[in-house]
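Source: prediction; values computed, not measured. No hydrogens, no waters, no symmetry mates; every other heavy atom, side chains included, goes into these values.
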Amino acid sequence: MGQSADAAATAAQTPDSNKGNNGHDKPLETLIIGSGPAGYTAAIYAARAGLKPVMYTGQEPGGQLMITTDVENYPGYPDGIMGPAMMDQFQKQAERFGTDVRYDLVEKVDFSGPVHKVWTAGGDEVHAHTVVVSTGASAKWLGLESEKRLANVGVSACAVCDGFFFKGQNVAVVGAGDTAAEEASYLAKLCPEVHMLVRRDEMRASKIMQDRVKKTPNIIIHWNTETEEVLGEKEVTGVRIKNNKTGETSEIAISGFFVAIGHKPNTDIFKGFLDMHDNGYLKAVPGTSKTNVEGVFVSGDAADQVYRQAVTAAGTGCMAALDAERYLAAKEII
């Protein structure tokens, strides 16, 4: 999916045909890349402002909520809602105000000129005055068949999202960094036992987080431990683990299995154009959605490596659309 800046710049030397702009000669006012809560919220605000946004959904239309079952922590849904149903409502609201939703994947970009250019897997070349990046981040998984099979029926990558469903039950957390320590600490308030599975004989988490975990009596740390299989047919019933020093295997009875080994932001195509942290998350000017490139804004988990919630993503989608509108007005494009 990634594309170097040099390659994108070379591709950008094609005639300024605006192919893919629905036949219009002028660049789009707003292009949105990605379609989770951030992208759809940006689309709703941009469309209501008359910016005629075009959205490219990406490989996973709707983002991570499409693989989430019950969403109970998003305001306005007192009885909860299924993730796919929620994203369907987001899309309908965006389309109601005129968003052009296109099921295609943006494969490369060129943000080197005043008009921004993108190319899609389906062959579109699209030019736009403003771009909202809402490509999100993907959870890293262990790669086990049982982990994939039991996703959303006991296997999760977000304790804050799903921990409540395991209140009063024993769970396990895989990981050794700050995220894993935070997830374990959060779950310890809900669950009688939290088994923390650490691959080495030490943790990568900050000292303060390690101390917090070690001082929590119902967090049980299993050192030098790897997961062999998540157990259960229709729901998680346990986990089989192996001590990588002794080779000994054992099983723990649990109802929830939380993978906390990190996330990877879906930002490879922006390398060479947008400033990013060493781990790939995009940088925004504090208090705004602005990137280092004029007219390009970022929202959602592509820039958020701390909260990673649907509601925070939606909030930054709103910010990006408002920033785009103000940019267009300042440039007297609208």
Side-chain angles (χ1 to χ4, degrees), residues 60 64 66-70 83 137-206 209-265 279-280 301 305 308:
E60 298 177 353
Q64 291 189 75
M66 295 301 289
I67 56 171
T68 302
T69 50
D70 293 313
S138 300
K140 296 178 181 177
W141 299 96
L142 298 175
L144 302 173
E145 181 280 329
S146 54
E147 172 192 51
K148 183 177 181 180
R149 176 170 50 83
L150 294 167
N152 295 320
V153 285
V155 173
S156 170
C158 180
V160 175
C161 309
D162 300 326
F164 181 80
F165 301 116
F166 301 93
K167 188 174 183 179
Q169 303 172 60
N170 293 338
V171 299
V173 175
V174 179
D178 278 349
T179 298
E182 288 170 3
E183 302 256 289
S185 298
Y186 176 84
L187 290 166
K189 299 172 185 175
L190 303 171
C191 305
E193 289 183 1
V194 178
H195 295 269
M196 195 167 181
L197 312 181
V198 179
R199 189 171 58 178
R200 298 188 297 171
D201 58 1
E202 60 181 1
M203 297 172 64
R204 292 181 290 103
S206 59
M209 290 306 301
Q210 291 191 47
D211 290 343
R212 184 179 302 172
V213 165
K214 292 173 183 177
K215 289 177 181 177
T216 305
N218 60 328
I219 296 179
I220 304 161
I221 303 175
H222 301 261
W223 303 105
N224 301 308
T225 297
E226 298 183 23
T227 301
E228 284 201 332
E229 186 179 4
V230 185
L231 305 175
E233 291 299 321
K234 295 184 178 179
E235 60 184 22
V236 172
T237 59
V239 60
R240 185 167 65 245
I241 58 175
K242 178 180 180 180
N243 184 297
N244 55 32
K245 292 289 186 183
T246 66
E248 180 184 356
T249 62
S250 58
E251 294 182 2
I252 306 172
I254 57 169
S255 301
F257 184 79
F258 292 85
V259 182
I261 57 176
H263 287 72
K264 184 184 185 306
N279 56 6
D301 289 9
Q305 53 187 311
R308 295 194 299 268

Using atom types as modelled and distance alone, determine if a side-chain donor or acceptor of [X] lies under 3.5 Å from a backbone N or O of [Y].
| X | Y | answer |
| --- | --- | --- |
| N224 | D201 | yes |
| T216 | R212 | yes |
| T227 | E229 | no |
| E147 | V230 | no |
| E183 | A159 | yes |

Is [Y] close to [X] at the side-chain level, that is, under 4.5 Å between some pair of heavy atoms?
| X | Y | result |
| --- | --- | --- |
| L142 | I261 | yes |
| E251 | L231 | yes |
| V236 | V155 | yes |

Worksheet item: More than 12 heavy atoms of other residues, nucleotides or ligands under 6.0 Å from NZ of K264: is that the case?
Response: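 Atom NZ in K264 is packed in, count exceeds 12.
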Discussion item. Quick check on E145: does its CD atom have over 12 non-hydrogen neighbours (other residues, nucleotides or ligands) under 6.0 Å away?
Written reply: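 Yes, the 6.0 Å shell around CD holds more than 12 heavy atoms from other groups.
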Worksheet item: Given I220 and H222, is the side-chain contact (heavy atoms from CB on, under 4.5 Å) satisfied, shown in steps?
Response: CA-CA 7 Å; I220 304 161; H222 301 261; 3.7 Å; yes
Worksheet entry | Rounded distance [0.5 Å steps], CG in L187 versus NE2 in H195 |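 Reported value, rounded in 0.5 Å steps: 12.0 Å.
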Item to complete: Mind checking the NZ-CE spacing from K214 to M209? Nearest 0.5 Å is all I need.
Response: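 Interatomic distance, K214 NZ to M209 CE, rounded to 0.5 Å: 12.5 Å.
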Item to complete: May I have the step-by-step check of side-chain contact (heavy atoms from CB on, under 4.5 Å) for V153 and K234, ending in yes or no?
Response: CA-CA 7 Å; V153 285; K234 295 184 178 179; over 6 Å; no
Check [X] against [Y] and note the closest heavy-atom contact, atom names and distance.
| X | Y | result |
| --- | --- | --- |
| E228 | L144 | O-CD2, 3.8 Å |
| M203 | W223 | CG-CZ3, 3.6 Å |
| V213 | I219 | CG1-CG2, 3.7 Å |
| F166 | C191 | O-SG, 3.4 Å |
| I221 | V198 | CG2-CG2, 4.0 Å |
| V259 | K140 | CG1-O, 3.6 Å |

Item to complete: Go through the structure and list residues passing ring-ring contact (aromatic ring centres under 6.0 Å, His included) with H263, not counting sequence neighbours.
Response: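 H263 satisfies ring-ring contact (aromatic ring centres under 6.0 Å, His included) with no residue once adjacent residues are dropped.
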Item to complete: Report the residue from V173, V174, L150 that forms a side-chain contact (heavy atoms from CB on, under 4.5 Å) with F257.
Response: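 When side-chain contact (heavy atoms from CB on, under 4.5 Å) is applied between F257 and each of V173, V174, L150, only V174 qualifies.
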Worksheet item: Between I241 and L197, does a side-chain contact (heavy atoms from CB on, under 4.5 Å) hold up when you go through it step by step?
Response: CA-CA 8 Å; I241 58 175; L197 312 181; 3.9 Å; yes
Discussion item. Tell me which one of N244, N243, T249 satisfies side-chain hydrogen bond (donor to acceptor under 3.5 Å, both in side chains) with E226.
Written reply: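 Passing option: N244.
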Discussion item. Enumerate the side-chain hydrogen bond (donor to acceptor under 3.5 Å, both in side chains) contacts for residues 169-182, please, sequence neighbours excluded, ordered by first and then second residue.
Written reply: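 Pairs touching residues 169-182 that pass the test: Q169-S255, D178-S206.
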